[in-house]
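Here's the structure we're looking at; comments come further down.
All of these numbers come straight from a predicted model, not from anything done at the bench. The first residue in the sequence is number 1, and the count goes up from there.
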Amino acid sequence: MCGIVGLISFTDDLTRRPELLTAMRGALALRGPDAVGEWVSARALLVPRRLAVVDLEGGRQPMVATDATGADTVVLSYTGEVFNADGVRAELRRRGHEFRERSDTEVVLRAYEEWGPSCAERLRGMFAFAVWDVRREELVLIRDRFGIYPLYYADTAAGLAFGSEPKALFTTGAIEPVVDGAGLLEALSFTPTPGHAPFRGMREVIPGEVVRFGRDGLRRHRYWNFTPTRHRDDLAATEHRVRELLEDIVRQQVAADVPISSMLSGGLDSSAVCALAGRVLAGSGRAEPLKTFSMEFSYHLDHFRPDEVHDSPDSPYVAKVAAHLGTEHRELLIDRGHLSDRDGQAEVVRAMERPVAGLDMYVSLYRLSQEVRRFSTVTLTGDGSDELFGGYMWFHDPYYVRAKTFPWLGASHQMEFLSGLLRRDLHRRLDFPGHERESYRAALAEVPLTGDETPHERRMREITYLNMTRYLRVILDRKDRLGMAASVEGRVPFCDHVLAEYVYNVPWEMKVADGREKSLLRAAVRDLLPEDVLARRKSPFPTAQDPAYRTALREQLRAVVADPANPVNELLEPERVKSVLEDPSYGLRAGVTRMSIEAAVQLHHWLASGVTVSL
C-alpha cells in the first residue's frame, strides 16, 4: 500500500475534471503496481495505488466509512503498515466497531472514526495517509514518527494538492516542477531541512506531524517527539530490554502475505535483524529459510583497499553470517558498467527527484532493489541502528563530537560536497555556509533534554537527536525511493518508536559500555551471531574504488558540458569544470569532491526530466 495522490478544491467542481483523474491515476505506478482506486466528489479527488502486502483480497482503497443512511462520511487513502493493528482492532471492537476484513487499512479508518487525527498516537508502524472528512470538508494528512513513508503537499489557488512524491503532485496540474534559489540550496545541501522540499510552493509533512486543511486554512501540529526521561534500568536490565523489544518488533514486522526477505551486509545491524527474523520464521513453521540479499562491487573482490572507515569488503562477513543462520542468500555483483550507465543514473534521479550525495551508492542500491523484487515484495533492513545506538565514527572521535556543525560534516564541513561545480556567483548568493549554520542552530534548539545532563551527556543526546531527525532522513528517503522504484517495501525494525524512545534515554556510558560503538546492541544480540561478526568494526555502505568509474564520470561530465544548449551549463562554473576535466588524478581542487562531479551529472538528468531552475 504504497502511493497516494489527491487534490482538494473549494471553488472548482472536481467532478468536471476527468482529465485530472486520468493523469493522477497514472502517477506512482511503481509504488503501487497491484491496484489503483479513486474517490471523486466536487471538493476532493483521492487516488491511491496499492502494493498488496497484507490481506491481498481486502484492503482495497480508497476505503470509505458511511453513516446510517449510507452516505459517505470518511474517506481514507493510506500507505504503509501498522504493526500493532491487531491490538488497535481489539480496542476498537470493544468500543463497538465492526470489521469486515483483516487489513490494517480498515483499522486506520475505524481508528480515525473513533479518535479523529489523534488516532496517529495509537499507531505503531510506518505510514503516511490522507483522510477526507466529508462531514467537515477537511483534509487530514498524517505521517509516521520517523518519516519512513513520504508525504508532500502544496497550496493551490483553489485548495491543496498532496501526494507520496513530488511527481504525483505535478499530475494534479496545481503545481509545476520549478526549483528556485531556495530549492536549489535545499537540493544541494548535505543535510535536509525538515518540512522543506526542493520544488517551489511545496512542503513535506514533517515526521510525527498532522496537517489539517479546510475552509479556514491550514493547521499543523506535532503529535510526537522524543520525551527525555531518567533511565532507571541497570546495564544488564537495559541489555535485556533492548533484546526483548527487538524480538517483539521483528516478530511484528515479518508478518506479510507475500514473500519476505532481509538485506544483509555482514555488519552488526543487518545481521541481527536477519538472525531474529530467521528465528521467527522458523518458529512459525515455515519450511523455507529466510531469503537474504547483499551487493558487492566486483572490483573490490580482487582490488579492495582499506580506508579510514572501511577495513574490509563486506562479502566475507556476509557469507559467514548467511552460513551461520542458514539463509537462502543471493549476492549481486555491481560492476563499473552498472555505475556509469546513463539510463540507470537517470532512473535514480527520477526516483529521488533531486541530486544525491554518493551516486554510486544509490545506483547500486537501486540495482539491488530490482534483484530483491525478483524474489520478494517485502524486505527488512538494519537502517536506523547507527543513528540510535551510536555507530558512526562521529559519535566517538572527539574532533567530530566538538564540531560546531552537524557532526557528520566535521572536518569536511567546508568541502562543497554537491555544490563544488556551481557558478561561483550563484554559490555565494545561495550562501551554503550560512544555510548550514542556521540549520544547525535550529536543530539544536529542538533537542529534548531533561536539564540534568552532564555536558558530555548533553552533547551525546544532541548528536543522537541530530542523527535521528536529520541524517536518518537521508537514509530513510533513500530506502523508500529506491525500493519503491522497484516496487519493494522496505521495513526498518530499528525505527520502531518504542525502541527509539527507550534507547534515546539510555545514558551514553551504557551505550559504549565495552568501549566500542554500539556495545549495547552488541551485548543484546551476542548469542545470535559469529564472534568475528560481533567484533567487526562499523563499516559504512561501500563506495566504488574502481578508477574506471572515476574516468567514466569525467567523460560523462565532458559530454554534458560539450553541448552549449544544455541548460545545466547555466548553473556550472566553466573554469572549475575545465579544471576537473583536465585533472587526470581526479584529486580535490578548490573544495571539489567526486560528489560534486556526480552532482553536476545528476543536475543534467534532473533538468532533462522536466525540472526548471528559476533563479
Practice task
Would you confirm whether Arg478, through its side chain, and Gly483, through its main-chain N or O, come within 3.5 Å as a donor-acceptor pair?
Solution key: no
Problem - Glu244 CD: over 12 foreign heavy atoms closer than 6.0 Å - result: yes
Handout entry: Main-chain N/O of Val356 paired with Gln602 side-chain donor or acceptor, under 3.5 Å
Key = yes
Practice task
Assess Arg143 against Tyr149: is NZ or CZ under 6.0 Å from the centre of the six-membered ring, and within 45 degrees of the ring's axis?
Solution key: no
Exercise for the section: Check Thr79, Leu76, Val140 against Phe129 for a side chain to side chain contact (heavy atoms under 4.5 Å, CB included) and give me the one that passes. Expected result: Leu76
Exercise for the section: Return yes if some donor-acceptor pair links the side-chain N/O of Thr22 with the main-chain N/O of Pro18 below 3.5 Å, else return no. Expected result: yes
Handout entry: Arg230 atom CZ: more than 12 heavy-atom contacts under 6.0 Å
Key = no
Exercise for the section: Determine yes or no for a side-chain-to-main-chain donor-acceptor pair under 3.5 angstrom, with Ser609 supplying the side chain and Trp606 the backbone. Expected result: yes
Exercise for the section: Taking only Lys NZ, Arg NE, NH1 and NH2, and the carboxylate oxygens of Asp or Glu, determine whether Arg60 and Glu57 approach each other closer than 4.0 Å. Expected result: yes
Fill in the blank from the handout: Output for pair (Asp269 CG, Ser385 OG), nearest 0.5 Å, gives 3.5 Å
Exercise for the section: Start with the C-alpha gap between Trp39 and Ser77, add the side-chain angles, then the distance that decides, and say whether side-chain hydrogen bond (donor to acceptor under 3.5 Å, both in side chains) holds. Expected result: CA-CA 9 Å; Trp39 190 89; Ser77 193; over 6 Å; no
Handout entry: CA sep, side-chain torsions, deciding dist, call: Arg373, Thr377, side-chain hydrogen bond (donor to acceptor under 3.5 Å, both in side chains)
Key = CA-CA 6 Å; Arg373 178 59 181 174; Thr377 308; 3.2 Å; yes
Exercise for the section: Report yes if some heavy atom in the side chain of Glu387 is under 4.5 Å from a heavy atom in the side chain of Tyr392; otherwise report no. Expected result: yes
Practice task
For the residue pair Pro448 and Asn225, establish whether any side-chain heavy-atom pair is separated by less than 4.5 Å.
Solution key: yes
Exercise for the section: Measure the shortest side-chain to side-chain distance between His497 and Phe146 over non-hydrogen atoms and say whether it is less than 4.5 angstrom. Expected result: yes
Exercise for the section: Given salt bridge (charged side-chain N to carboxylate O under 4.0 Å, His left out), test Glu138 with Arg215 step by step and report yes or no. Expected result: CA-CA 8 Å; Glu138 180 181 63; Arg215 290 183 179 274; over 6 Å; no
Handout entry: Within-4.5 Å side-chain heavy-atom neighbours: Arg461 and Asn505
Key = yes
Exercise for the section: Hey, can you tell me if Phe375 and Phe293 have their rings parallel, tilted or perpendicular (30° and 60° cut-offs)? Expected result: tilted
Handout entry: Step-by-step salt bridge (charged side-chain N to carboxylate O under 4.0 Å, His left out) determination, Arg203 to Glu209
Key = CA-CA 12 Å; Arg203 288 189 60 81; Glu209 184 180 55; 5.9 Å; no
Practice task
Could you tell me whether Arg95 and Glu114 make a salt bridge, using a distance below 4.0 angstrom between a side-chain N and a carboxylate O?
Solution key: yes
Practice task
Run the ring-centre check on Phe170 versus Phe199 and record whether the distance is less than 6.0 Å.
Solution key: yes
Handout entry: Minimum side-chain heavy-atom gap Glu353-Pro198 below 4.5 Å
Key = no
Problem - Ion pair Glu98/Arg110, N-O distance below 4.0 Å - result: no
Problem - With Tyr366 via side-chain hydrogen bond (donor to acceptor under 3.5 Å, both in side chains) - residues at least two apart - result: Glu347, Gln370
Handout entry: Between Tyr471 and Asp386: side-chain donor-acceptor atoms closer than 3.5 Å
Key = no
Practice task
Applying side chain to side chain contact (heavy atoms under 4.5 Å, CB included), run through Gln345 and Tyr362 and close with a yes or a no.
Solution key: CA-CA 9 Å; Gln345 292 173 347; Tyr362 282 73; over 6 Å; no
Exercise for the section: Answer with yes or no after comparing the ring centroid distance for Tyr440 and Phe406 against a 6.0 Å cut-off, counting only values under it. Expected result: yes
Exercise for the section: Decide, yes or no, whether a salt bridge links Glu371 with Arg367 under the criterion of side-chain N to carboxylate O below 4.0 Å. Expected result: no
Handout entry: Stepwise side-chain hydrogen bond (donor to acceptor under 3.5 Å, both in side chains) test for Thr292 and Ser262
Key = CA-CA 5 Å; Thr292 54; Ser262 191; over 6 Å; no
Problem - Asp144 side-chain N/O to Ile148 backbone N/O, donor-acceptor pair under 3.5 Å - result: yes
Practice task
Before accepting this row, confirm whether a basic side-chain N of the pair Glu91/Arg89 lies closer than 4.0 Å to the acidic partner's carboxylate O.
Solution key: no
Exercise for the section: Please identify each residue that fulfils ring-ring contact (aromatic ring centres under 6.0 Å, His included) with Phe213, with sequence neighbours left out. Expected result: Phe10
Problem - Pairwise side-chain contact, Leu46 with Ile4, heavy-atom cut-off 4.5 Å (strictly under) - result: no
Exercise for the section: May I ask you to decide if Gly59's main-chain N or O and Glu101's side chain share a donor-acceptor pair within less than 3.5 Å? Expected result: yes
Exercise for the section: Among Asp104, Asp248, Asp86, find the residue that satisfies the salt bridge (charged side-chain N to carboxylate O under 4.0 Å, His left out) test when tested with Arg124. Expected result: Asp248
Exercise for the section: Flag the pair Arg31 and Glu165 as a salt bridge only when some basic side-chain nitrogen lies within less than 4.0 angstrom of an acidic carboxylate oxygen. Expected result: yes
Exercise for the section: Would you mind telling me which of Glu489, Arg491, Lys291 makes a side chain to side chain contact (heavy atoms under 4.5 Å, CB included) with Ile260? Expected result: Arg491
Practice task
Any chance you could lay out the side chain to side chain contact (heavy atoms under 4.5 Å, CB included) test for Asp496 and Phe83, step after step, and finish with the verdict?
Solution key: CA-CA 10 Å; Asp496 175 87; Phe83 297 118; over 6 Å; no
Exercise for the section: Check the pair Glu204, Tyr153 against side-chain hydrogen bond (donor to acceptor under 3.5 Å, both in side chains), reporting the backbone distance first and the verdict last. Expected result: CA-CA 6 Å; Glu204 188 176 17; Tyr153 64 96; over 6 Å; no
